[in-house]
Amino acid sequence: MSAPSDASRPYGGPGNFVRELIEGEIAAGKHSGPVVTRFPPEPNGYLHLGHARPITLNFEMAREFGGRCHLRFDDTNPLSEDVEYVDAILADVRWLGFDWGEHLYFASDHFERLYGWAEELIGKGLAFVCDLSSDEMPLYQGSLNEPGRPSPYRDRSREENLDLFRRMRAGEFEPGARTLRAKIDMASPVLVLRDPVLYRIVKASHHRTGDRWCVYPMYDFAHPLSDAIEGVTHSLCSSEFVDHRPLYDWTVENCSVPSRPRQTEFGRLNLTYTVMSKRLLKRLVEEGHVRGWDDPRMPTLSAIRRRGVPPAAIRNFNRDVGLTKRDITIELPRLEHAVREELNRTAPRVMAVLNPLRVVIENLPEGERLDFEAVNNPEDPGAGTRTVPFSRVLYIERDDFLEDPPKKYFRLAPGREVRLRYACLVTCTGVVKDASGKITELRCTWDPATRGGNAPDGRKVASTLHWVSATHAIPAEVRLYETLFRVEDPMAEAEAKGIDLASFLNPNSERVRRECWVEPSLRDAQPGSAFQFERLGYFAVDPESKPGALVFNRTVTLRDEWAKLQKRSAK
RNA sequence: UGGGGCGUCGUCUAAUGGUAGGACAGCGGCCUUUGGAGCCGUUCGUGGAGGUUCGAAUCCUCCCGCCCCAGCCA
């Protein structure tokens with residue numbers, strides 16, 4: 001149940017109102033037992049970045065107070081749920097670094113007791129069987145401004161209600177024919193209190209209970225009661241459920257439950273340049289805008305895992321962003337910061353050339369190989385060093401040479417001397433072009449006195465370039481990712497302008513480069529492992545990668561001052 | 001429009017009647033064998049109007065704005 005987390009980085013800092021609430025309760029002696037929270041997903045889709053907030057919050061609060069956090073599937077709607085999602089959700093929560101221990105539950109485990117409480121409500125005259133069809137019911141519900149009218153079936157006797165409800169369970173009626181409803185107040189200004197449906201008839205096989213049930217409890221009934229059964233003390237949920245709290249309380253107050261949970265709501269988290277609703281994400285998959293739920297451009301947890309985002313970055317992101325009652329939209333760079341921060345600490349450095357330009361070292365004989373020692377991670381001395389081979393023909397990044405360099409361009413140019421990272425200083429002596437004028441090769445000389453990269457005479461160079469040895473490098477495919485959408489808030493723009501969401505997709509969200517070269521130490525890089533390609537960014541080995549056919553995904557770029565300069569001058 | 005929730009730098013978030021602080025982003029600089037990392041500096045904010053008070057982001061009144069609710073979804 002304890003998360004691998006840094007306790008010096010508490011969730012939301014001292015201002016987290018949920019922590020203050022719990023501390024206050026404990027100070028007031030309101031808890032005799034442990035603090036118990038829960039994360040309650042419905043297994044009808046994949047978890048995304050928006051879910052990481054309640055996951056982190058629930059597990060972290062339980063940990064901070066020495067309690068426990070349950071993982072409970074709210075599987076009360078067999079029409080939309082599936083084991084496929086159960087398995088994926090389990091894997092995602094585990095990946096995020098949280099452990100529910102023995103406390104894995106399903107609302108469907110509680111169906112029998114829930115049913116018993118429904119009969120209890122009938123016995124108390126607090127629930128009735130309603131014969132209104134799904135078409136008719138809205139006619140009685142009123143509207144935002146007008147009160148509803150009581151169902152004509154509202155005053156049935158307890159005996160008749162009980163008989164009908166038992167026959168509903170026995171499968172005597174067709175789906176939609178009848179419902180069990182709470183008897184509360186059809187005139188309530190709170191819509192959810194207007195005799196809400198508690199049970200409906202569904203004849204579909206449930207992924208866990210099979211065909212045992214013909215009636216299924218609604219969320220508003222199953223959720224508070226499941227919390228009570230499990231001894232949940234703090235039912236933390238997002239703000240759209242604020243209106244449901246009176247019904248939550250009504251339910252636990254009127255059923256003979258073993259404990260008294262309380263619901264507390266916090267604001268939802270959104271991110272710029274993406275969408276975060278299951279419906280929209282599903283559309284992106286189904287319409288082929290992405291290759292699947294784990295396409296690295298998606299905001300799903302499985303996708304960012306594939307992209308190379310470490311789980312600690314997600315936990316820290318949520319801790320740092322904090323928690324209030326308001327819905328928030330975080331700017332994407334804030335997430336990228338958390339990702340870089342974590343990867344900077346942990347990712348081994350390596351050299352890779354994504355857009356190769358051939359360089360011939362004229363004063364180094366063919367067939368000669370020099371070995372240079374490279375630091376694996378300057379942030380982590382314990383990561384050690386490795387050897388990188390150097391020879392007459394190299395590749396450097398095409399962007400790292402300009403025949404006619406502008407001011408503030410520090411990289412290679414005719415006649416200029418730069419350092420090749422970990423290797424030596426080289427000077428550009430010539431440029432070879434093809435018939436169309438495209439540069440095909442650079443001629444350089446190296447200074448053997450600068451082995452390792454420093455000049456004994458103390459002369460400085462303006463920049464350091466990454467490189468690979470052409471004869472030793474390994475070919476690789478590299479997938480470069482940008483935001484899926486071109487605009488900060490695609491949903492809002494689509495609605496405001498009446499344009500389809502798809503028109504805001506970023507055509508450059510994925511660019512595949514197949515002629516990249518990586519240093520030989522990467523030969524056996526395993527899927528999932530993360531590296532910093534020096535000067536370029538962080539890259540993770542894709543699950544599709546194989547020895548001999550390496551595939552890397554760009555997780556996030558490095559901060560790039562030169563790119564920023566260029567962007568600014570382009571405006 | 002009935003009910004509910006929420007308004008502090010561009011974006012998040014502290015300050016719980018007593019100097020409006022921090023992070024990310026931005027800008028400027030230092031440093032650098034990654035134009036990375038790190039370090040230093042800096043611009044920018046209490047939705048509005050009244051009121052209470054020696055003193056208001058905080059308390060009161062009114063106004064304005066944004067979000068949620070009319071599934072037999074969760």
Side-chain angles (χ1 to χ4, degrees), chain A residues 12-16 20 40-42 44-45 74-77 79-81 130 132-134 137-138 141-148 175-181 188-194 196-202 216 218-220 222-223 237-246 265 267-269 272 278 320-338 340-341 344-345 349 351 374-375 378-379 408-411 419-425 452-454 460-466 532-537 557-565:
Chain A
N16 174 344
E20 290 189 340
E42 183 189 14
N44 71 342
D74 261 349
D75 55 348
T76 56
N77 184 3
L79 262 15
S80 59
E81 296 156 6
C130 182
L132 255 23
S133 71
S134 54
M137 206 176 287
Q141 289 306 111
S143 69
L144 292 181
N145 304 309
E146 303 149 326
R178 292 180 217 267
T179 56
L180 181 75
R181 293 226 257 160
S188 172
V190 180
L191 268 31
V192 79
L193 255 22
R194 316 243 261 228
V197 172
L198 265 23
Y199 270 86
R200 76 286 212 191
I201 299 169
V202 178
Y216 287 88
M218 297 288 289
Y219 165 85
D220 282 312
H223 198 90
C237 65
S238 45
S239 53
E240 70 268 30
F241 291 101
V242 172
D243 290 344
H244 294 244
R245 179 149 33 93
E265 311 84 12
R268 293 178 71 101
L269 181 147
T272 56
K278 282 180 191 171
D320 293 351
V321 155
L323 190 76
T324 59
K325 288 175 183 287
R326 43 195 298 230
D327 292 351
I328 56 172
T329 301
I330 305 290
E331 293 174 332
L332 187 62
R334 180 99 181 245
L335 174 62
E336 293 178 337
H337 170 79
R340 289 192 189 103
E341 182 187 46
N344 178 50
R345 281 181 43 233
R349 272 60 168 174
M351 290 195 286
V375 171
E379 304 295 319
K408 293 194 177 174
Y409 183 89
F410 304 143
R411 285 111 96 146
R419 173 165 38 240
L420 294 181
R421 181 92 160 138
Y422 303 122
C424 59
L425 302 187
N454 282 314
K460 302 288 183 195
V461 291
S463 79
T464 301
L465 271 37
H466 61 275
Q532 185 196 103
F533 288 180
E534 293 218 31
R535 301 208 308 135
L536 297 175
T557 62
L558 251 24
R559 285 180 60 218
D560 188 342
E561 292 295 326
W562 172 242
K564 206 161 40 173
L565 267 177

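Quick note on labels: first sequence line is chain A, next is B, and so on, each numbered from 1.
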Rounded off to whole Å, could you give me the [atom1]-to-[atom2] distance for the [X] and [N] pair?
X         : N      : atom1 : atom2 : value
Leu420(A) : U34(B) : CG    : C1'   : 13 Å
Glu379(A) : U32(B) : CD    : C1'   : 12 Å
Arg340(A) : A23(B) : CZ    : P     : 17 Å
Arg245(A) : G3(B)  : CZ    : C1'   : 13 Å
Arg334(A) : G22(B) : CZ    : P     : 14 Å
Leu191(A) : A70(B) : CG    : C1'   : 5 Å
Glu341(A) : C24(B) : CD    : P     : 8 Å
Arg411(A) : G36(B) : CZ    : P     : 11 Å

Report the base-pairing partner of [N] (Watson-Crick or G-U wobble, both distances below 3.5 angstrom), or none.
N      : answer
C72(B) : none
G26(B) : U42(B)
U34(B) : none
C66(B) : G5(B)
U52(B) : none
G17(B) : none

In whole Å, measure the gap between the [atom1] atoms of [N] and [M] for me.
N      : M      : atom1 : answer
G65(B) : U1(B)  : P     : 9 Å
C59(B) : U16(B) : C1'   : 12 Å
G22(B) : A74(B) : C1'   : 37 Å
G50(B) : U11(B) : C1'   : 31 Å
C30(B) : G35(B) : C1'   : 14 Å
G17(B) : A56(B) : C1'   : 7 Å
C39(B) : G55(B) : C1'   : 39 Å
A14(B) : A20(B) : C1'   : 10 Å

Describe the nucleic acid contact of [X] in one word from base, sugar-phosphate, nothing, applying a heavy-atom distance below 4.0 Å.
X         : result
Val242(A) : sugar-phosphate
Ser143(A) : base
Arg349(A) : base
Leu558(A) : base
Gln532(A) : base
Arg421(A) : base
Phe533(A) : nothing

Given [options], the nucleotide with the shortest approach to the side chain of [X]:
X         : options                : answer
Arg535(A) : A15(B), A25(B), U34(B) : U34(B)
Glu561(A) : G36(B), G3(B), U34(B)  : G36(B)
Pro378(A) : C6(B), G4(B), U34(B)   : U34(B)
Trp562(A) : U34(B), C12(B), G35(B) : G35(B)
Pro189(A) : U34(B), G2(B), C24(B)  : G2(B)

Please check the phosphate of [N] (OP1 and OP2 only) for any side-chain N or O of [X] closer than 4.0 Å.
X         : N      : answer
Thr329(A) : U11(B) : no
His466(A) : U34(B) : no
Arg559(A) : A37(B) : yes

Q) Where does G71(B) fall, syn or anti, if syn means a chi angle no more than 90° from 0? A)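 This nucleotide is in syn.
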How many angstroms lie between atom [atom1] of [X] and atom [atom2] of [Y], to the nearest 0.5 angstrom?
X         : Y         : atom1 : atom2 : answer
Ser188(A) : Arg194(A) : OG    : CZ    : 7.0 Å
Leu425(A) : Asn454(A) : CG    : CG    : 7.5 Å
Leu269(A) : Ile330(A) : CG    : CD1   : 5.0 Å
Leu198(A) : Leu180(A) : CG    : CG    : 5.5 Å

(Q) Looking at every non-hydrogen atom in both residues, tell me the closest pair between Ser463(A) and Arg411(A) and how far apart they are. (A)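 Looking at all heavy atoms of both residues, the shortest contact is OG-CA, 3.4 Å.
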(Q) Show the nearest heavy-atom pair for residues Glu42(A) and Ser80(A), with the distance to one decimal. (A)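 Closest approach of Glu42(A) to Ser80(A), heavy atoms only: OE2-OG, 3.4 Å.
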Q. What class does the angle between the rings of His244(A) and Phe241(A) fall in, given that below 30° is parallel, 30 to 60° is tilted and above 60° is perpendicular?
A.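 Taking Phe241(A) first and then His244(A), their aromatic rings stand perpendicular (interplane angle over 60°).
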Pairs: protein N or O with nucleotides 71-74 of chain B N or O, under 3.5 Å:
unit_1 : atom_1 : unit_2    : atom_2 : d
C72(B) : N3     : Gly176(A) : O      : 3.4
C72(B) : N4     : Leu132(A) : O      : 2.6
C72(B) : N4     : Ser134(A) : N      : 2.9
C72(B) : N4     : Gly176(A) : O      : 2.9
C73(B) : OP2    : Arg200(A) : NE     : 2.9
C73(B) : OP2    : Arg200(A) : NH2    : 2.8
C73(B) : O3'    : Arg200(A) : NH2    : 3.2
C73(B) : O2'    : Asn77(A)  : ND2    : 3.1
A74(B) : OP1    : Thr76(A)  : OG1    : 2.6
A74(B) : OP1    : Arg200(A) : NH1    : 3.4
A74(B) : OP1    : Arg200(A) : NH2    : 2.9
A74(B) : OP2    : Tyr219(A) : N      : 3.0
A74(B) : O4'    : Glu42(A)  : OE1    : 3.4
A74(B) : O3'    : Asp74(A)  : OD2    : 3.4
A74(B) : N6     : His244(A) : NE2    : 3.3

Q) Has the side chain of Asp560(A) got a donor or acceptor atom sitting under 3.5 Å from an opposite partner on the base of G35(B)? A)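 Donor-acceptor pair under 3.5 Å: no.
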Q: For Leu144(A) and for Phe410(A), locate the closest nucleotide of RNA chain B by heavy-atom distance; then report the residue assigned to the nucleotide nearer the 5' terminus.
A: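 Counting from the 5' end, the first nearest nucleotide belongs to Leu144(A).
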Q) Hey, which of these two, Ile328(A) or Lys564(A), hits RNA chain B nearer its 5' end, going by closest nucleotide? A)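 Here Ile328(A) is the residue nearer the 5' end.
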Is a side-chain donor or acceptor of [X] paired with a backbone partner of [Y] at a separation under 3.5 angstrom?
X         : Y         : value
Thr464(A) : Arg419(A) : no
Arg334(A) : Asp320(A) : yes
Asn16(A)  : Leu323(A) : no

Q: Identify which one of Arg421(A), Glu534(A), Arg535(A) satisfies the side chain to side chain donor-acceptor pair (under 3.5 Å) criterion when paired with His466(A).
A: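 Going through Arg421(A), Glu534(A), Arg535(A) one by one, the side chain to side chain donor-acceptor pair (under 3.5 Å) with His466(A) is satisfied by Arg535(A) alone.
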